[in-house]
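Below you'll find the structure, written out as structure tokens, and then a few comments.
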Amino acid sequence: MNVPFSMARETSEDGSFTRQTSRFRDVVSPDASGRFPLEPGRYHLYVCRACPWAHRTIIARALLGLESAITISYVDPVRDGRGWAFTGDGYEDPVNGFERLEEAYRRSDPDFSDRVTVPVLWDRGEGVIVNNESADILRMLHSTFRPLAERPVELAPASLAVAIDELNEAIYEPVNNGVYRAGFARSQAAYEAAVDDLFAMLDRLDARLAEQRFLFPGGRPMETDIRLFTTLVRFDAVYQIHFKCSRRKLAEYAHLWPYLRDLYQWPGFGETVSFDEIRAHYYRTHPEVNPTGIVAVMPDLDFLAPAGRESLT
Ligand SMILES: N[C@@H](CCC(=O)N[C@@H](CS)C(=O)NCC(=O)O)C(=O)O
């Protein structure tokens, strides 16, 4: 099978894409007892605005008002063979002066040899990575870091905790990772299986959102909505075209499309979306998927059109 070197370790025999596991899984502790104690200004996020996994943490930081407690810097969305880089013009690393994100990984584990990914939660205290798994970082931001938040909203209240974990899990493989399984498949069968799983789950979510404003009752977004949003908002501009998730456009869904607009218009969501960076990243960073590097024009989508979902609970 013809597999690019960068993907060799994540391609199975049958041509399906199997994502690497995250290497750094430490947590910030709410008191002074742990290795990484909660302190304002101590932790830093390295992210890319184009990346749906990093985007989870960017939204949580904005929604909760954690901007002064957790600093942030952005890598250039267009990656060359040497990985994520700080190339200037808004893509700088004021904390360590790194030129490439790889330096953060090497400093934390000199033997690290997997793909260097965003997001990264960095500890200024020890000068190491605390965690590079977006699910963990998102959870930490709205739980452990909540005492430092200007808007300490609950994104996984105890009464919903189990249901949130279950729905997160149910959405991850077919949807969040599913678009990548479609786009990075190296066989027709693996691609079609990914597309089938993806649209089956989107259909179920569309039905769930017919009578409920967000994924859970209560009339406001929860953690799972953030995790779904970052995939849906990229769908028609990128996944539908670049990753061949072509059965249907997101904007053709009766409920998912207004739901996506509703979230986009919710404080902390839309203002964190950069379609230019998203499109530049995907179309120009996967030469095996798009060898010309031509960036598809932005589809005509009005994210600011009224969602009309306020009366749902
Ligand atoms: N499981 C990780 C996945 C993160 C991830 O794969 N990020 C992508 C960007 S969308 C990345 O950094 N890729 C680097 C590469 O492919 O070399 C998480 O959720 O944090």
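Note that ligands are numbered from 1 as they come in the structure, with each ligand's atoms numbered from 1 the same way.
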What residues sit with at least one heavy atom under 4.0 Å from ligand 1?
R19, S22, C51, P52, W53, R79, W84, R115, V116, T117, V118, P119, N132, E133, S134, Y180
Quick one: which residue pairs count as a salt bridge (charged side-chain N to carboxylate O under 4.0 Å, His left out) with a foot in residues 46-58, not counting sequence neighbours?
R49-E277
With a 6.0 Å cut-off (strictly less than), is the heavy-atom count around CZ of R204, excluding the residue itself, greater than 12?
no
Distance flag, aromatic centroids of H44 and Y46, threshold under 6.0 Å:
yes
List the steps and the verdict of side chain to side chain donor-acceptor pair (under 3.5 Å) for D225 and Y259.
CA-CA 10 Å; D225 296 282; Y259 160 79; 2.7 Å; yes
Tell me whether R23 contacts the main-chain N or O of F112 through its side chain, where contact means a donor paired with an acceptor under 3.5 Å.
no
In one Ile/Leu/Val/Met/Phe/Trp/Tyr side-chain cluster, 4.5 Å: W84, V47
no
